[in-house]
Chemist: 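This is the structure I have questions about; it appears just below.
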Amino acid sequence: MSTQRKQFPFPEFEPRWQQEWLATGAFRAPNPGGTGFDPAKPKYYILDMFPYPSGDGLHVGHVEGYTATDILARFHRMRGFNVLHPMGWDAFGLPAEQFAIKTGQHPRATTARNIENFRRQLQAVGFSYDWDREVSTTDPAYFRWTQWIFLQLYNSWFNPASKKTEPISTYTGADPDSVRLAYVAEMPVNWCPQLGTVLANEEVVDGKSEVGGFPVERRPLRQWMLRITAFAERLIEGLDGLDWPEGIKLLQKNWIGRSEGALVEFAIESTGDGIEVFTTRPDTLFGATYMILAPEHPLVEKISTPAQAAAVAEYKTAVASKSDLARTDLAKEKTGVPTGAFATNPANGERIPVWIADYVLMGYGTGAIMAVPAHDERDFEFAKKFALPIREVVQPPSPTEACFAGEGTAINSSFLDGLPTAEAKRRMVAWLEEKNLGRGTVNYKLRDWLFSRQRYWGEPFPIVWESGRHRPVCESELPVVQPDLDDFKPTGTPEPPLSKARDWIRYSATAGRETNTMPQWAGSCWYYLRFCDPQNSNRFIGPEADHYWMGKNSRPGGVDLYVGGTEHAVLHLLYARFWHKALFDLGHLSTPEPFQRLVNQGMILGPDGQKMSKSRGNVVTPDSVIAEYGADSLRLYEMFMGPLEQMKPWSMKGVEGVYRFLARVWRLAMEENQEGEWVVSKDLAETPLSSAQLRTAHATIKKVTADIEALAFNTAISQMMVFTNEFVNAAPRPLEALRILLPLLSPFAPHLAEELWHRLGFPGRASTQPWPKHDESLLVENEIELPVQVNGKLRDRIVVPKAATKEEIEAAAQAAPKVREATAGLTVAKTIVVPGKLVNIVAK
RNA sequence: GCCGGCGUGGCGAAAUGGCAGACGCAAGGGACUUAAAAUCCCUUUCCGCGAAAGUGGAGUGCGGGUUCGAGUCCCGCCGCCGGCACCA
């Protein structure tokens with residue numbers, strides 16, 4: 001195949017048009033105030049999730065989403081929109097740093113090389129990006145603003161009264177550092193002693209290092225955190241106004257994990273300490289027969305009795321050595337030890353034992369629970385194992401065995417008895433609040449965002465330390481660029497690699513720079529904003545560009561359509577929404593949400609139906625497909641495979657199918673002469689379309705238009721195939737057919753459309769034609785064929801005039817020979833006539 | 001375990017509650033050709049009957065239901081894929 005003559009000369013014209021588009025700036029989108037900006041045009045911002053430029057290059061999975069957005073971008077341009085369709089690089093990150101460690105090359109060099117390759121590959125597919133807007137997260141001119149945004153977070157707090165981000169100056173408390181959106185805390189990192197390095201979460205698989213499979217420990221280290229938890233409620237509420245798949249919204253909601261319940265205070269008998277627990281079932285308080293603290297709970301030591309101190313200490317050590325995974329997944333059997341202390345159940349004054357157990361997590365709620373074994377599976381399991389008392393306080397609606405965790409009627413609960421669960425909860429919370437023993441509250445699973453990494457290849461923090469205190473550097477000092485290190489190797493301690501750059505760290509005689517760097521998520525949190533105004537050196541985004549492209553209007557989201565994989569359904573999209581909301585509150589942005597509409601493309605599997613991976617050897621690259629079949633075939637096949645959102649396997653035979661279709665389109669216009677050269681077909685003529693051809697043509701305009709709008713690209717393509725099949729044997733062949741088809745095809749197969757438009761001598765370019773409009777009156781037929789069913793079974797067909805009345809249709813249907821046969825000896829009970837669809841005769 | 005999504009020919013798939021399988025792949029047959037490739041035409045859900053044009057029945061993972069009519073809506077299962085997973 002590769003040595004054989006191509007069915008149409010795409011290797012010649014595809015690169016030529018790509019160069020032409022680049023050279024003429026065909027897809028440049030002017031900003032308000034810029035040359036060529038037309039304020040009358042509506043804007044359309046269509047965004048891809050930008051890639052990490054890996055050394056392996058693009059694979060066909062990337063190309064799927066990018067093709068879909070490119071079709072929409074081109075379609076909207078043809079419909080008169082000012083289209084923002086940018087591309088850039090999420091280029092900080094581990095692989096580049098690891099490659100640097102291995103080869104000694106600076107990550108900046110390898111990153112630049114990978115970007116070159118990615119850009120070349122994307123341009124070879126003919127994507128209509130506005131390359132003047134290209135950004136890379138690793139560019140100091142870009143991450144200057146990433147650091148600037150960090151300073152905005154550092155210098156603000158979330159005011160619970162206004163439920164908004166405010167400058168830290170509005171905070172009147174004693175310790176502003178305790179409320180900043182960016183703050184410092186001791187948090188555990190993944191430390192791998194064998195590798196002598198900290199690991200990112202993505203480098204830890206099943207509690208072991210991805211490289212080498214060594215055990216990973218959790219070790220506390222001073223870390224930067226972002227207070228995303230303050231936005232939990234806003235992040236849930238904001239989802240309502242967005243056009244996202246319901247599944248993704250649900251994923252985010254579950255991740256945030258809102259639950260309503262109560263905080264209840266239990267007093268420790270011996271020390272008098274109050275320990276708060278969080279419960280979603282305050283109605284079961286009378287059934288709380290013991291208490292459990294997380295092993296890391298700060299009061300564990302204090303309350304433990306001397307007799308239990310050794311056992312408690314031993315248990316704590318055992319738990320600490322377990323990784324998070326060992327602690328959760330592998331711990332099938334419940335474990336724990338008594339502290340020897342007792343607490344008082346505030347509801348009934350009962351004396352209950354206090355245990356520690358690792359099934360209670362320090363990171364959720366208060367790190368302490370009241371155990372109600374009769375109505376909680378975990379507490380039940382624990383109580384059975386350690387022979388702790390179990391008391392039923394909820395009557396199930398129908399008798400059940402063992403532990404009942406559902407809703408029912410309160411029993412054995414004094415003033416709650418007889419109340420349904422919901423009402424009992426309310427009553428108990430009111431009682432607790434009245435007695436000052438607790439209060440209703442809302443809890444979230446969401447944790448604050450651990451924002452520092454012990455890495456070289458990331459954004460340095462614009463922070464210096466002096467006398468053990470942090471402070472921001474001046475905005476004028478941005479960007480803070482990493483020093484050029486020759487040695488990127490881990491330090492062998494949890495200290496970040498930047499700690500080796502002694503000169504760089506020294507900020508003044510008494511102050512030193514922060515040596516952690518930001519995580520890869522940082523740069524991708526706001527890149528969609530920079531695309532709107534990439535060259536602005538005064539602001540991260542200018543207000544005019546923000547108002548125009550992010551579209552200050554009734555909808556909350558700015559980007560009109562955002563397409564990418566589900567793997568970012570939670571983290572990236574949540575982080576970006578968080579930053580956006582903070583910046584919005586501070587008055588830097590005009591919309592409360594970044595992405596109005598989100599679509600997830602499905603994964604493309606290898607030809608073997610397995611996930612594509614190097615180790616399986618089933619990776620298909622766009623380069624190889626383009627070499628054999630051309631960029632247009634690649635694009636068309638990516639879209640023809642099936643619905644965008646669906647997972648589907650690659651098939652080279654399928655590529656050949658669309659390649660043959662494109663060749664047929666080519667031959668609608670071209671034929672080979674004696675010398676084997678392509679010349680405009682002699683069958684072409686300025687001849688009117690037959691009425692059947694007109695109908696097909698206008699049906700095609702209608703369907704392709706509707707299908708693109710619905711992102712149903714596969715069916716749009718089949719309709720264009722139908723069109724082509726209709727005309728391929730027509731002689732003479734109306735030129736008008738190509739005037740209609742080529743603009744429709746242009747978003748899908750832009751090179752071929754451009755080339756044929758040019759060769760046929762039509763004015764302008766296919767890609768800049770106004771989008772064709774269909775004429776509905778040409779679609780109606782004078783006579784229509786209707787299927788006739790008898791008792792729901794197809795029996796015959798009748799042909800009736802378009803304008804036939806129901807009565808006429810009914811009469812014609814009953815007169816049809818097969819229908820008479822089928823209804824012989826039966827009485828017609830009812831006849832359903834659906835105009836334009838069918839007739840159903842119900843007979844008994 | 002909980003929460004999502006998906007089950008339609010040999011394969012990728014299509015079908016506002018209204019003719020199931022458009023379009024494409026593959027397979028088989030034919031035309032063109034010295035031959036092949038390419039191209040073009042025809043056939044192809046399954047099971048009967050018929051020499052044939054035809055013709056009868058079944059059929060969208062399984063079992064029920066709603067409806068004149070269900071791939072589509074409802075209830076209950078089964079299978080695959082994805083996410084979360086001791087979250088009190």
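First the proteins, then the strands, lettered A, B, ... as listed; each starts at 1.
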Chemist: In whole Å, what is the span from the OH atom of A/Tyr637 to the C1' atom of B/G24?
Modeler: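 After rounding, the gap between these two atoms is 10 Å.
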Chemist: In this structure, are over 12 heavy atoms from other groups packed under 6.0 Å from A/Glu675 atom CD?
Modeler: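 More than 12 heavy atoms, drawn from other residues, nucleotides or ligands, come within 6.0 Å of this atom.
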Chemist: Name the closest nucleotide to the A/Arg797 side chain, picking from B/C86, B/C23, B/C19.
Modeler: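 Nearest to the side chain of A/Arg797 among the choices is B/C19.
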Chemist: B/G7 pairs with which nucleotide, Watson-Crick or G-U wobble, both distances below 3.5 Å?
Modeler: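 Partner of B/G7: B/C78.
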Chemist: Picking from A/Glu807, A/Gln814, A/Lys806, what satisfies side-chain contact (heavy atoms from CB on, under 4.5 Å) with A/Glu810?
Modeler: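 Exactly one pass, corresponding to A/Gln814.
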Chemist: Just checking A/Lys793: base, sugar-phosphate only, or nothing, at a heavy-atom cut-off of under 4.0 Å?
Modeler: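 A/Lys793: backbone/sugar contact only, no base atoms under 4.0 Å.
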Chemist: Once you apply a heavy-atom cut-off of 4.0 Å, does A/Lys253 come out as touching a base, just sugar-phosphate, or nothing?
Modeler: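 Contact class for A/Lys253: none.
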Chemist: Checking all strands, does A/Leu250 fall into the base, sugar-phosphate, or nothing category for heavy-atom contacts under 4.0 angstrom?
Modeler: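 Touches sugar-phosphate only.
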Chemist: Could you check whether A/Thr279 gets within reach of a base, just the sugar-phosphate, or nothing at all, counting any heavy atom under 4.0 Å?
Modeler: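 The residue A/Thr279 makes sugar-phosphate contact but no base contact.
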Chemist: Could you please name the partner base of B/U16, counting Watson-Crick and G-U wobble pairs only when both distances are under 3.5 Å?
Modeler: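 B/U16 is unpaired by these criteria.
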Chemist: Which whole-number value in Å describes the distance from A/Ile717 CD1 to B/A14 P?
Modeler: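 A/Ile717 atom CD1 is separated from B/A14 atom P by 12 Å.
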Chemist: Expressed in whole Å, how much space separates the P atoms belonging to B/G59 and B/U43?
Modeler: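 So the two P atoms sit 26 Å from each other.
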Chemist: Does A/Asn840 place a side-chain N or O at less than 4.0 Å from the phosphate oxygens OP1/OP2 of B/U67?
Modeler: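 A/Asn840 to B/U67 OP1/OP2: no side-chain N or O under 4.0 Å.
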Chemist: According to a strict under-4.0 Å criterion, is A/Arg664 in side-chain N/O contact with OP1 or OP2 of B/A38?
Modeler: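 Checking A/Arg664 against B/A38: no side-chain N or O falls below 4.0 Å of OP1 or OP2.
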Chemist: Rounding to an integer number of angstrom, what distance separates B/U45 and B/A53 when you compare their P atoms?
Modeler: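 After rounding to an integer number of Å, I get 14 Å for this pair.
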Chemist: With heavy atoms under 4.0 Å as the rule, sort A/Asn725 into base, sugar-phosphate or nothing.
Modeler: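 Here A/Asn725 touches the backbone only, sparing every base.
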Chemist: Kindly indicate whether the side chain of A/His297, heavy atoms from C-beta on, has any atom under 4.5 Å from the side chain of A/Met362.
Modeler: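 Yes - at least one pair of side-chain heavy atoms lies under 4.5 Å apart.
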Chemist: Using a 4.0 Å heavy-atom cut-off, does A/Asn714 contact any base of the nucleic acid, only the sugar-phosphate backbone, or nothing at all?
Modeler: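 A/Asn714: backbone/sugar contact only, no base atoms under 4.0 Å.
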Chemist: Just to be sure I understand the rule, does A/Gly657 reach a base, reach only the sugar-phosphate, or reach nothing, if contact means heavy atoms closer than 4.0 Å?
Modeler: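 Sugar-phosphate only.
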Chemist: Watson-Crick or G-U wobble partner for B/A31, using a 3.5 Å limit on both distances?
Modeler: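 Because both required distances fall under 3.5 Å, B/A31 counts as paired with B/U39.
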Chemist: Taking for each residue the nucleotide of RNA chain B bearing the nearest heavy atom, is the 5' side occupied by A/Tyr364 or by A/Arg667?
Modeler: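 Nearest-nucleotide comparison on RNA chain B picks A/Arg667.
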Chemist: Under 4.0 Å, heavy atoms only, any strand: does A/Gln646 hit a base, just the sugar-phosphate, or nothing?
Modeler: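 Sugar-phosphate, no base atom in range.
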Chemist: So what does A/Val842 touch, heavy atoms closer than 4.0 Å: a base, only the sugar-phosphate, or nothing?
Modeler: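 Sugar-phosphate only.
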Chemist: Taking atom C1' of B/G12 as reference, at what distance in whole Å does atom CG of A/Leu644 sit?
Modeler: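 Roughly 15 Å, once rounded to whole Å.
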Chemist: Between P on B/C86 and OH on A/Tyr359, what's the gap in Å once rounded to a whole number?
Modeler: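 One finds 13 Å between P of B/C86 and OH of A/Tyr359, rounded.
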Chemist: Base, sugar-phosphate or nothing for A/Asn791? Non-hydrogen atoms, less than 4.0 Å.
Modeler: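 No contact.
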Chemist: Should the pair A/Lys334 and A/Phe382 be classed as cation-pi, given the thresholds of under 6.0 Å to the six-membered ring centre and 45° from the axis?
Modeler: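 No - A/Lys334 does not lie over the ring of A/Phe382 by the 6.0 Å and 45° rule.
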Chemist: To the nearest 0.5 Å, what is the distance between CG (A/Asp632) and CZ (A/Phe8)?
Modeler: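 Answer for the CG-CZ pair, A/Asp632 versus A/Phe8, is 6.5 Å.
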Chemist: Assuming nearest nucleotide by heavy-atom distance, tell me which of A/Ile841 and A/Asp379 is located more 5' along RNA chain B.
Modeler: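 Whichever sits nearer the 5' end wins; that is A/Ile841.
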Chemist: Let's test this: given Watson-Crick or G-U wobble pairing with both distances under 3.5 Å, identify the partner of B/C73.
Modeler: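 When the pairing criteria are applied, B/G65 turns out to be the nucleotide that pairs with B/C73.
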Chemist: What is the pairing partner of B/G54, taking Watson-Crick or G-U wobble pairs with both distances under 3.5 Å in any strand?
Modeler: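 Paired with B/G54, as far as the under-3.5 Å criterion goes, is B/C49.
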Chemist: Please work out if A/Pro245 contacts a base, only the sugar-phosphate, or nothing of the nucleic acid, heavy-atom cut-off 4.0 Å.
Modeler: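 Touches nothing.
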Chemist: What is the distance from CD of A/Glu672 to P of B/A38, rounded to the nearest Å?
Modeler: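 Atom-to-atom, A/Glu672 to B/A38, this comes out as 15 Å.
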Chemist: Is A/Leu251 touching bases, backbone alone, or none of the nucleic acid, heavy atoms closer than 4.0 Å?
Modeler: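 Sugar-phosphate only.
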Chemist: So, for A/Leu644 and A/Phe713, which heavy atoms are closest and what is the spacing to 0.1 Å?
Modeler: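 Closest pair (atom of A/Leu644, atom of A/Phe713, distance): CD2-CE1, 4.5 Å.
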Chemist: When the ring centroid of A/Trp449 is compared with that of A/Trp521, is the distance short of 6.0 Å?
Modeler: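 No, they do not, as the ring centres are separated by 6.0 Å or more.
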Chemist: In terms of side-chain heavy atoms of A/Pro649, which of B/G12, B/A26, B/C19 is nearest?
Modeler: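 Output: B/G12.
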Chemist: Considering only the C1' atoms, how many Å lie between B/C80 and B/C25, rounded to the nearest integer?
Modeler: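 Each nucleotide's C1' atom is 24 Å from the other's.
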Chemist: Contact class for A/Met370 (heavy atom, under 4.0 Å): base, sugar-phosphate, or nothing?
Modeler: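 Nothing: the residue A/Met370, judged by heavy atoms under 4.0 Å, touches no strand.
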Chemist: Which part of the nucleic acid, if any, lies within contact of A/Thr566, taking any heavy atom under 4.0 Å across all strands shown: a base, the sugar-phosphate backbone alone, or nothing?
Modeler: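 Result for A/Thr566 = nothing.
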Chemist: What is the separation between atom CD1 on A/Ile356 and atom P on B/C86, rounded to the nearest whole Å?
Modeler: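 Answer to the nearest Å: 19 Å.
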Chemist: Testing A/Val360, A/Thr339, A/Val277 for side-chain contact (heavy atoms from CB on, under 4.5 Å) with A/Met291, which one passes?
Modeler: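 Per the side-chain contact (heavy atoms from CB on, under 4.5 Å) rule, the option paired with A/Met291 is A/Val277, out of A/Val360, A/Thr339, A/Val277.
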Chemist: Whether the side chain of A/Lys653 and the base of B/C11 hold a donor-acceptor pair under 3.5 Å is what I'd like checked.
Modeler: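 For A/Lys653, whose side chain was compared with the base of B/C11, there is no donor-acceptor pair (under 3.5 Å).
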Chemist: Expressed as a whole number of angstroms, how long is the span from A/Arg795:CZ to B/G18:P?
Modeler: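 Those two atoms, CZ and P, are 21 Å apart.
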Chemist: When you measure from the side chain of A/Met647, which nucleotide among B/G18, B/C23, B/C81 comes out closest?
Modeler: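 Nearest to the side chain of A/Met647 among the choices is B/C81.
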Chemist: Which whole number of Å gives the distance between the C1' atom of B/G21 and that of B/C46?
Modeler: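 Those two atoms are separated by 13 Å.
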